[in-house]
Amino acid sequence: MKRVDVAIVGGGPAGTAAAHAAASNGASAMVLEKGVPRADRPSGLGPDSTDAAGILDYWVDIMDIHPDEFPEGVLLHELDRAEFVGPNRTVTMRHTGIESSYDEFGYTFHRARFDDWLRGRCEEAGAEYHVKTSVKDVETDLDAAGGEAEPRHLLRVKNGTNVGADFLVLADGPQRTLTMPVLDRLLPDGKKASDVLGPRKANHIAYQEHRELPPEVAEEVRGALKFWWGYMPGHTAYPWVFPNDGEMARVGLTMPIGMDLDEVEGREKYALLRPEDERIPTGKEYVRRILEHEYGDEYDVEADFPLAEDRGKRGGTETYAISSTRPVDSPTAAGIAVTGGAMGATSAFHEGGDHLAVRTGAIAGELAAAGDLSAYNDRWKEATGDEVLRNVSFADVVHDYGPDDWDRTFKHVNTLMTDEGSNGLIDTSKAVAGFGAAKLAIAYKRRKRKFRNGKYVQLRESDYVV
Ligand SMILES: Cc1cc2nc3c(=O)[nH]c(=O)nc-3n(C[C@H](O)[C@H](O)[C@H](O)COP(=O)(O)OP(=O)(O)OC[C@H]3O[C@@H](n4cnc5c(N)ncnc54)[C@H](O)[C@@H]3O)c2cc1C
């Protein structure tokens, strides 16, 4: 049996940030990563680097890593705006309205290179990082004496190795294959982690393609994250374009898992559905349709927007589960911290989660190294709670929106964002806000009130039997 102070399951941003912080604070730390092959990581297996990566200005401070620290090739594109396109109205945001130390609107980056850099960073701090190391189970003995012989956690790895650790950081991402069974054993009868974290219920599916844009289209989207709302059915379901290096972009979408087309109301209003559809289109078909919808009049989409087959995960495409739920507290008295996508920290409103993964991981690693995780649930709320509150509140407000609601909302948001000096998306300080805009702002404020003081948490520390 190998023995460490802190064992970390999952080697994505949350896991490597935890390992970096633990090792930098003097603990022995080991990352166990199952390892996946990716076309954009020809050097070998690595973490499952979901490559659609955009960071907004204030996320830089939440992540606590400035892009100036990146080596060459990680940062791809600086952003100056986000465009939200509704069926008939568009909102362009040039400010997030939230104070930050980063001067641009945001940036996009190469996720596999970012993850590899984070891996190198934690190894330089003294952590071990093992790939091809899939953890199949963890036994937790709350009465273990500790020390060399009796670790509190025994991690059983698929290759037959066992790892003993005093602290366990769960960073296995939104599939939560290990997080759910580990938490279940610490919950009372009748309560299951899968009720709130089960991927089919709590997640969305995301699909994207790496495409080369015609030069004029690349110029048009330069500097912009572009999202289309009210184009496809399902809550927080939308296609996007993220500019990359040169004329490359990622064109993708996110949608709820297992939607039934027969249950979609007003399907004729969704620009990306067709009357002849018998089921919800596949991700690939949706990407084709959004490109046709936007550029089909002027271009032959298949010929003029070629797929870059050497990019992304495989053949220029990627399919992922994406966490779209609310976060859970961790059973810290058992020496366990759940972090990043596994804990549901990723935004329920948009995909943003790398900043939350890095920050929650770093807090978990630092506390584990100090030998006491009890402050973890307070610390992650202090560092990321405002962001989580914003995201869950927005997700709640727009949950049942259809195409008309998006148009109406964008009209109101344009009223709220009256000028360049606007303070962000929902700025009630603007006296010009019309009645509709005021209603939107009130709905948002109400949701924030509903979830304030950490009420967005789905499993509280007191729910665990430890
Ligand atoms: C399509 C898409 C677009 C996104 N866009 C953005 C964006 O623009 N900006 C942004 O900030 N965020 C974005 N996100 C979210 C972001 O990718 C996640 O929030 C982030 O990856 C979470 O990091 P993590 O370390 O918690 O989990 P992950 O990155 O998912 O890492 C988990 C790791 O655990 C490993 N693992 C799982 N189970 C085991 C096991 N049993 N044993 C060993 N290893 C295991 C996996 O192989 C994986 O490498 C996007 C996500 C998707 C899917």
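Order of appearance sets the numbers: ligands from 1, and atoms from 1 within every ligand. Quick caveat: nothing in here was measured; it's all calculated off a predicted structure.
Atoms CD and CG, from Glu99 and Asp57 in turn, are 10.0 Å apart once rounded to the nearest 0.5 Å.
Applying salt bridge (Lys or Arg N to Asp or Glu O under 4.0 Å) to Arg111 and the options Asp116, Asp354, Asp48 leaves one that passes, Asp354. Test Lys455, Arg326, Lys448, Arg447 against Asp396 for salt bridge (Lys or Arg N to Asp or Glu O under 4.0 Å) and you get one pass: Arg447.
In this structure, Gln208 does not count as a contact residue of ligand 1, since none of its heavy atoms falls inside 4.0 Å of the ligand. For the ligand labelled ligand 1, residue Lys158 lies outside the 4.0 Å heavy-atom shell. Contact between Phe242 and ligand 1 is present, with at least one heavy atom of the residue lying under 4.0 Å from the ligand. By the 4.0 Å heavy-atom criterion, Leu225 is excluded from the residues contacting ligand 1.
Closest of all the heavy-atom pairs between Asp463 and Lys191 is OD1-NZ, 3.5 Å.
In this structure Tyr295 satisfies the ring-ring contact (aromatic ring centres under 6.0 Å, His included) test together with Phe305, sequence neighbours excluded.
Atoms of ligand 1 lying under 4.0 Å from any heavy atom of Gly340, numbered from 1 in the order shown and given with element: 26 (O). Listed by number with element, the atoms of ligand 1 under 4.0 angstrom from any heavy atom of Pro47 are 49 (O). Residue Asp48 has at least one heavy-atom neighbour below 4.0 Å for each of these atoms of ligand 1: 47 (O), 48 (C), 49 (O). Those atoms of ligand 1 with a heavy atom of Trp59 less than 4.0 angstrom away are 9 (N), 11 (O). Of all atoms in ligand 1, listed by their number and element, those nearer than 4.0 Å to a heavy atom of Asp354 are 9 (N), 10 (C), 11 (O), 12 (N), 13 (C), 16 (C), 17 (O), 18 (C), 19 (O), 20 (C), 21 (O).
Neither the backbone nor the side chain of Ala345 comes within 4.0 Å of ligand 1, counting heavy atoms alone. When non-hydrogen atoms are compared, ligand 1 lies under 4.0 Å from neither the backbone nor the side chain of Thr254. Only the side chain of Ala206 comes within contact range of ligand 1, with a heavy atom under 4.0 Å; no backbone atom does. Counting heavy atoms closer than 4.0 Å to ligand 1, residue Ile55 contributes side-chain atoms (C-beta onward) but none from N, CA, C or O. Residue contacts with ligand 1, taken as heavy atom pairs separated by less than 4.0 Å, involve Ala357 solely via side-chain atoms from C-beta onward. Under 4.0 angstrom from ligand 1, the non-hydrogen atoms of Val9 all belong to its side chain. Contact annotation for Lys136 and ligand 1: no heavy atom of the residue comes within less than 4.0 Å of the ligand.
The residue from Pro174, Gly12, Gly106, Ser323 that puts a heavy atom closest to atom 30 (O) of ligand 1 is Pro174. The residue among Gly54, Gly173, Ala342, Gly252 with a heavy atom at the shortest distance from atom 27 (O) of ligand 1 is Gly173. With atom 32 (C) of ligand 1 as the reference point, the heavy atom nearest to it among Ala171, Gly10, Gly341 is part of Ala171.
Between Glu219 and Arg222 there is a salt bridge, with a side-chain nitrogen of the basic residue lying less than 4.0 Å from a carboxylate oxygen of the acidic one. Ion pairing between a basic and an acidic side chain is recognised when a charged N comes within 4.0 Å of a carboxylate O; Arg156 and Glu139 show such pairing. Looking at Glu220 and Lys226, a side-chain N of the basic residue comes within less than 4.0 Å of a carboxylate O on the acidic one, giving a salt bridge. We find that Glu302 and Arg211 are joined by a salt bridge, their nearest charged nitrogen and carboxylate oxygen being less than 4.0 Å apart. Electrostatic pairing of Arg314 and Asp40 does not count as a salt bridge here, judged by no charged N lying under 4.0 Å from a carboxylate O.
Distances between N or O atoms of Thr50 and those of ligand 1 include at least one value under 3.5 Å. Checking only distances, Tyr320 never comes within under 3.5 Å of ligand 1, N or O to N or O. Looking at Trp240 next to ligand 1, no N or O pair under 3.5 Å apart turns up. For ligand 1, the polar-atom distance check finds no N/O of Ala321 at less than 3.5 Å from any of the ligand's N/O atoms.
Geometrically, Arg121 engages Trp117 in a cation-pi contact defined by less than 6.0 Å to the ring centre and at most 45° from the axis.
With hydrogens and angles ignored, the 3.5 Å screen pairs no side-chain donor or acceptor of Thr339 with any backbone N or O of Ala14.
Inter-residue side-chain proximity for Leu373 and Phe167 is flagged as met; some heavy-atom pair is nearer than 4.5 Å.
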